[in-house]
Amino acid sequence: MKKTEQNTTSEACTAAVQIVRTAAEKSALRRVTLSKPVDAAVIRTELTPMNLGGAPALRSAAYMKDGKAIQKNIPADEELSAALAQIFEKYMQINIMTTVGDCEYRRSKSGTEVLIGGGKLLKKLTGAGETPKIEAEGNDREKNRILSGTEPFLAELGISAAGENGNIRIHDKKQPKFRQICRFLEYVRDIEDKLPREGVLRICDLCCGKSYLSFAVYHYFAVIRGRQVEMTGVDLKPDVIGYCSSTAEKLGFDGLHFICGNVLEYEPQEVPHLVVSLHACDVATDIVLHLAAKWRARVILSTPCCQHELAGKIKCGELEFVTQYPILRRKLCDALTDSLRLLYLKSEGYSVNACELVDPDDTPKNILLRAVLKPNFDKNGTEAETLRCEYEKTRSFLIGEENTLMGDGIG
């Protein structure tokens, strides 16, 4: 029995290695994600194709629990198979993605291994037909990020610092935060055409906290785009607001201001074009969305934090097969809460979407709610009434007629 399991293991691993090698040789490899590591210090490793001095290679990036990312380049030469086999044995699950299909390798704790979809994928890669190719990045290619990591506001916020050689670098433990900021700015860039092209750009960051987004968004528009920006961050904590205000002054961000107070009591002097929020806790996100919709902000970008309220109020017999288990109820209510929020924003005249902000290994709070106000939407029209009925019907389905949610009485 043990001998048979060892042979099966060897065959599955060898087949997985062959698929990766073949896909790399044909420029058909998209990515290999290795998860469930044997080493507890590792989160996961990713292999991606690249050009190393003009020759094909794989870039290995191992993401560690201490925030570090260890990179290594693996030449696609005669030693590639041995190098891949050595890496593969350190992980219990491997997902291989190519231009002609995907497959998955799994190894159980008992040592039993299986390669799902491997045979079919290998046939496609070695078949007579033409295999779609992708262009691999060179090893000297800059990462396509809006920020370089050397921006002064990053140093002031403790995300970067000068090393011994004088070069500015992101702190290892702040790499996830830097990736989060960069990704958020990419979403800002995506909706930039929905904002006024000229004149003062008005922005609010509600429940701003340490204001990573405030500084990043202000830098993007005022420094990179050269726009005139009036941006306000609002939060309840006096010490945090004091720190943010002094940091903005130190950086010369004259159009960035901070107010200490309850966001429910905040009234902007003029309607903001963009409202952003990062990890406003529980019902605070609902408050942010309701205020932004009431003000008729053109764009709303909000990343929710914890979603507890619905988990405590859900009363839906049809879903009891899930909600009877506390951990599953919480996970379900996370998705249901954000879906209800999007339904509400649709009823207020917004085109909506839910996006992944960053890798869930960086933070599980990685959902971005994006809403863009529809031009000429009639809040008293038939479409608005239909959408409001859909929202109310869904809310009642989940919590019953007698219960209310935090957002019900706002605005």
Side-chain angles (χ1 to χ4, degrees), residues 142-154 156-157 159 170 174 176-234 244 248 251 253 255-258 268 270-280 285 288-289 291-293 295-305 338 341-342 345 350-359 362-363 365-374:
E142 292 274 343
K143 290 185 178 179
N144 186 26
R145 283 178 173 159
I146 294 173
L147 302 179
S148 66
T150 62
E151 289 76 10
F153 81 89
L154 294 174
E156 290 296 332
L157 295 176
I159 295 174
I170 304 297
K174 293 294 184 179
K177 176 59 68 176
F178 179 62
R179 290 193 291 269
Q180 182 187 69
I181 292 172
C182 290
R183 186 68 180 119
F184 193 91
L185 289 183
E186 289 175 8
Y187 282 115
V188 169
R189 181 175 58 190
D190 290 344
I191 55 84
E192 191 173 354
D193 62 340
K194 310 299 181 185
L195 303 174
R197 297 181 182 274
E198 298 178 352
V200 178
L201 193 58
R202 297 186 294 275
I203 307 171
C204 282
D205 184 355
L206 301 180
C207 304
C208 61
K210 294 182 179 179
S211 302
Y212 293 111
L213 290 191
S214 298
F215 287 98
V217 173
Y218 184 88
H219 174 89
Y220 175 76
F221 284 113
V223 179
I224 297 177
R225 293 303 194 195
R227 295 289 303 271
Q228 184 180 354
V229 181
E230 287 296 330
M231 185 169 184
T232 304
V234 185
C244 293
L251 290 165
F253 285 5
L256 178 57
H257 309 283
F258 294 92
E270 296 185 74
V271 174
H273 302 113
L274 171 64
V275 173
V276 301
S277 180
L278 178 67
H279 297 161
T285 291
V288 168
L289 299 180
L291 290 175
W295 298 333
R296 311 309 286 165
R298 294 195 187 186
V299 179
I300 306 168
L301 297 176
S302 176
T303 301
C305 185
D338 286 336
R341 289 165 172 164
L342 294 178
L345 290 172
Y350 287 84
S351 298
V352 300
N353 198 6
C355 316
E356 186 176 73
L357 180 59
V358 290
D359 193 297
D362 281 345
T363 173
K365 306 167 186 176
N366 71 329
I367 300 298
L368 174 74
L369 305 182
R370 180 174 61 189
V372 178
L373 187 63
K374 296 178 181 177

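Because the structure is a prediction, the values reported are computed rather than measured.
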If you round to the nearest 0.5 Å, how far is [atom2] of [Y] from [atom1] of [X]?
X: Y218; Y: L201; atom1: OH; atom2: CG; value: 11.0 Å
X: R227; Y: R197; atom1: CZ; atom2: CZ; value: 9.5 Å
X: R202; Y: L195; atom1: CZ; atom2: CG; value: 11.0 Å
X: Q180; Y: I159; atom1: CD; atom2: CD1; value: 9.0 Å
X: F221; Y: L256; atom1: CZ; atom2: CG; value: 13.5 Å
X: E192; Y: L185; atom1: CD; atom2: CG; value: 10.5 Å

Which atom names give the shortest non-hydrogen contact between [X] and [Y], and what distance separates them?
X: F178; Y: S148; result: CZ-C, 4.3 Å
X: W295; Y: V271; result: O-CG1, 3.0 Å
X: I367; Y: T303; result: O-CG2, 3.2 Å
X: Y350; Y: A292; result: OH-O, 3.5 Å
X: L274; Y: V276; result: CG-CG1, 3.8 Å

Side chain [X], main chain [Y], donor-acceptor under 3.5 Å:
X: H273; Y: R298; answer: no
X: R370; Y: I191; answer: no
X: R341; Y: L289; answer: no
X: E151; Y: G149; answer: yes
X: S211; Y: C244; answer: no
X: Y212; Y: K177; answer: no

Checklist entry - Is the F153 ring parallel, tilted or perpendicular to the F215 ring (thresholds 30°, 60°)? => result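 Answer is parallel, since the angle falls under 30°.
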[X] side chain near [Y] side chain, heavy-atom distance below 4.5 Å:
X: I146; Y: I224; result: yes
X: M231; Y: S214; result: yes
X: D338; Y: P304; result: yes
X: T232; Y: F258; result: no
X: C208; Y: L213; result: no

Checklist entry - Between E356 and R183, is the closest basic N to carboxylate O distance under 4.0 Å? => result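 No, this pair does not count.
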Item to check | Verdict with reasoning, L206 to V275, per side chain to side chain contact (heavy atoms under 4.5 Å, CB included) | outcome: CA-CA 7 Å; L206 301 180; V275 173; 4.1 Å; yes
Checklist entry - Looking at residues at least two apart in the chain, or sitting in another chain, which of them share a salt bridge (charged side-chain N to carboxylate O under 4.0 Å, His left out) with K194? => result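 None.
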Next on the checklist: Checking D205 against I203 for the side chain to side chain contact (heavy atoms under 4.5 Å, CB included) test, could you report, in this order, the C-alpha distance in whole Å, the side-chain angles of both residues, the deciding distance, and whether it holds?
Outcome noted: CA-CA 7 Å; D205 184 355; I203 307 171; 6.0 Å; no
Checklist entry - Checking side chain to side chain contact (heavy atoms under 4.5 Å, CB included) for the pair S302/L368: CA distance, chi angles, key distance, verdict? => result CA-CA 6 Å; S302 176; L368 174 74; 5.8 Å; no
Next on the checklist: Quick one, Y187 with L357, criterion side chain to side chain contact (heavy atoms under 4.5 Å, CB included). Give me CA distance, side-chain angles, the key distance, then yes/no.
Outcome noted: CA-CA 9 Å; Y187 282 115; L357 180 59; 4.1 Å; yes
Item to check | side chain to side chain donor-acceptor pair (under 3.5 Å) partners for E230, two or more places apart | outcome: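 By the side chain to side chain donor-acceptor pair (under 3.5 Å) rule, E230 matches no residue at all.
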